[in-house]
Amino acid sequence: MKNPDLYGLSLASRLCSIVNDHALSSVDTVLADYLLDHYHELNALNIYAFAEACQVPRSSIHRFCIKLGYANFRDLKRSSHHETDCYTYFTSLSQKPDFREILSRQIVDMIADMNTIVPDALLLQLAGKIHQAPTVCLLSSYSSLSALQDFQRPMILCRKRLHVIASPLENERLKLLKDEDLILVVSAMGRFAQAYQTLIAGLPGEKILITASHQREIRTPYDQVITISSQDCHLVKTAYAKYGVSYFFDNLYSLYSRRYGHPEN
């Protein structure tokens, strides 16, 4: 596996995922926990001090780095620098004294834009495809994962099971897909779609990309592209990345539930 940062899976996201999901006593949790506690000191941290602090051999750290997709500890440390630009939008915005006013205005403008560019007819068409497909897989980076899980859970009440996947290279379910299945790829900034382009192109089934990016090169493997922004947000984290994805799937669920969610349907 290549560096996960190329796939929109930042170091911070991967470390948080390990701490959230793994046993407290596991070596991976111990190492991830330490790195999160010392995230702002990674530049000065060397592998000897890291191993000593966590009471593990350096070979354990090496295996940990490889498991995360890095060649070595130096490569892991370097990746933390590449994350800064990804979060500049939110970190710089949060420092402004009129944060609430600016963010509220951006969200209102975003909703108005999405209501125009993503009409109900388009969402109903997508809802129909989800209803008809035997298997539906939703692929995204960890940044959109919670929005997709919030869509996945209530869809069970509509008698429709969905599969949310944040690590396509490690997922066995994708190998079982057939031509009649549906793959929804959510990549607001375009990074995730760009990095997984080859893998997605090789999968069977209908493929639909949901994105705020207007870049043509990421659209190649898809049968349909649903653009959620009138402006190109390629590789730029905007309100669409955080709030737009949730707004899109909340509206999609509402339409799906009304059309297909009742027993008589």
Minimal non-hydrogen separation, Ala166 against Leu145, with atom names:
CB-CD1, 3.9 Å
With side chains defined as the heavy atoms from C-beta onward, is the minimum distance between Asp98 and Arg105 less than 4.5 Å?
no
Side-chain heavy atoms nearer than 4.5 Å, only ILVMFWY residues, links allowed to pass through others: does that put Leu122 and Leu124 together?
yes
Would you say Leu35 and Leu42 make side-chain contact, with heavy atoms under 4.5 Å?
yes
Taking a hydrophobic cluster as the set of Ile, Leu, Val, Met, Phe, Trp and Tyr residues connected by side-chain heavy atoms closer than 4.5 Å, whether directly or through intermediates, do Val225 and Leu199 fall within one such cluster?
yes
Just how far is it from atom CD of Glu52 to atom CD1 of Ile47, taken to the nearest 0.5 Å?
13.0 Å
Under a single-linkage definition using a 4.5 Å side-chain heavy-atom cutoff for Ile, Leu, Val, Met, Phe, Trp and Tyr, are Val30 and Ile18 assigned to the same hydrophobic cluster?
no
Exam field: side chain Asp113 to backbone Ser230, donor-acceptor pair closer than 3.5 Å
yes
For residues Ser143 and Arg191, is any side-chain donor paired with an opposing acceptor at under 3.5 Å?
no
Heavy-atom closest pair, residues Ser60 and Leu31
O-CD1, 4.1 Å
Where the side chain of His62 meets the backbone of Arg58, is there a donor-acceptor pair that is under 3.5 Å apart?
no
For residues Ile117 and Pro119, report the shortest heavy-atom separation together with the two atoms involved.
O-CD, 3.4 Å
Checking side-chain polar atoms at under 3.5 Å, does Asn251 have a donor or acceptor matched by the opposite partner on Tyr256?
no
Going by heavy atoms in the side chains, are Phe64 and Asp28 under 4.5 Å from each other?
yes
CD1 of Ile61 to SG of Cys54: how many Å apart, nearest 0.5 Å?
6.5 Å
Hey, any chance Leu138 and Leu157 share a hydrophobic cluster, counting ILVMFWY side chains that come within less than 4.5 Å of each other, even indirectly?
no
Which pairs would a plain distance check flag for residues 149-156, meaning a side-chain donor or acceptor within less than 3.5 Å of a matching protein atom at least two apart in sequence or in another chain?
residue : atom : partner : partner atom : Å
Asp150  : OD1  : Arg153  : NH2          : 2.6
Gln152  : NE2  : Leu162  : O            : 2.9

Are side-chain heavy atoms of Thr211 and His234 found at a separation under 4.5 Å?
no
To the closest 0.5 Å, what do you measure between SG (Cys158) and NZ (Lys160)?
11.0 Å
Could you check whether any side-chain heavy atom of Gln197 comes within less than 4.5 Å of a side-chain heavy atom of Ile200, counting everything from C-beta outward?
no
Going by distance alone, is a donor N or O of one side chain under 3.5 Å from an acceptor N or O of the other, for Ser254 and Ser257?
no
Between Leu139 and Val164, does a side-chain contact (heavy atoms from CB on, under 4.5 Å) hold up when you go through it step by step?
CA-CA 6 Å; Leu139 280 61; Val164 176; over 6 Å; no
Atom of Asp223, atom of Gly205 and distance for their closest heavy-atom approach
OD2-O, 4.0 Å
Value for CG (Leu103) from OG (Ser94), rounded to nearest 0.5 Å, stands at 10.0 Å
For the atom pair CG (Leu126) and CG (Leu182), what is the distance rounded to the nearest 0.5 Å?
7.0 Å
Around Leu24, counting heavy atoms of other residues, nucleotides and ligands shown, do more than 12 lie under 6.0 Å from its CG?
no
Where the side chain of His38 meets the backbone of Tyr34, is there a donor-acceptor pair that is under 3.5 Å apart?
yes
Between Ile107 and Ser104, is a side-chain contact (heavy atoms from CB on, under 4.5 Å) present by the stated rule, with each step listed?
CA-CA 5 Å; Ile107 292 175; Ser104 298; 5.9 Å; no
Between Asp181 and Leu177, is there a donor-acceptor pair closer than 3.5 Å when you use the side chain of the first and the backbone of the second?
no
Within a strict 4.5 Å, meaning less than it, do heavy atoms of the Thr227 and Ile210 side chains meet?
no
Should Ser213 and Met189 be marked as a side-chain contact (heavy atoms from CB on, under 4.5 Å) after you check the CA-CA gap, both sets of side-chain angles, and the distance that decides it?
CA-CA 6 Å; Ser213 170; Met189 298 167 57; over 6 Å; no
Hey, is NE2 on His214 packed in by over 12 heavy atoms from elsewhere, all under 6.0 Å?
yes
Are the aromatic rings of Tyr247 and Tyr243 close, with centres under 6.0 Å apart?
no
Any sub-3.5 Å donor-acceptor pair from Ser229's side-chain atoms to Gln231's backbone N or O?
yes
Please determine whether residues Phe99 and Val108 belong to a single hydrophobic cluster, defined as Ile, Leu, Val, Met, Phe, Trp and Tyr linked transitively by side-chain heavy-atom distances below 4.5 Å.
no
With a 4.5 Å heavy-atom cut-off, do Pro168 and Leu174 have their side chains touching?
yes
Taking atom CD as the centre, does Gln55 end up with more than 12 heavy-atom neighbours from other residues, nucleotides or ligands that are less than 6.0 angstrom away?
no
On a heavy-atom basis, which atom in Ser187 and which in Leu209 lie closest, and how many Å separate them?
CB-CD1, 4.1 Å
Roughly how far, to the nearest 0.5 Å, is the CG atom of Asp109 from the CE atom of Met114?
13.5 Å
For ring-ring contact (aromatic ring centres under 6.0 Å, His included), just list the numbers for Tyr196 and Phe192, CA-CA rounded to whole Å, side-chain angles, deciding distance to a tenth of an Å, and then say yes or no.
CA-CA 6 Å; Tyr196 281 114; Phe192 185 86; 4.7 Å; yes
Before you tell me yes or no, could you show the steps for Lys129 and Ile208 under side-chain contact (heavy atoms from CB on, under 4.5 Å), namely the whole-Å CA-CA distance, both residues' side-chain angles and the distance that decides it to 0.1 Å?
CA-CA 10 Å; Lys129 291 182 178 182; Ile208 298 176; 3.9 Å; yes
Of all heavy-atom pairs between Tyr240 and Cys233, which one has the smallest distance, and what is that distance?
CD1-SG, 4.1 Å
Would you mind reporting whether Tyr222 and Ile183 have side-chain heavy atoms less than 4.5 Å apart?
no
Are Arg78 and Asp75 ion-paired here, with the side-chain N under 4.0 Å from a carboxylate O?
yes
Polar side chain donor-acceptor pair, Lys207 to Gln224, under 3.5 angstrom:
no
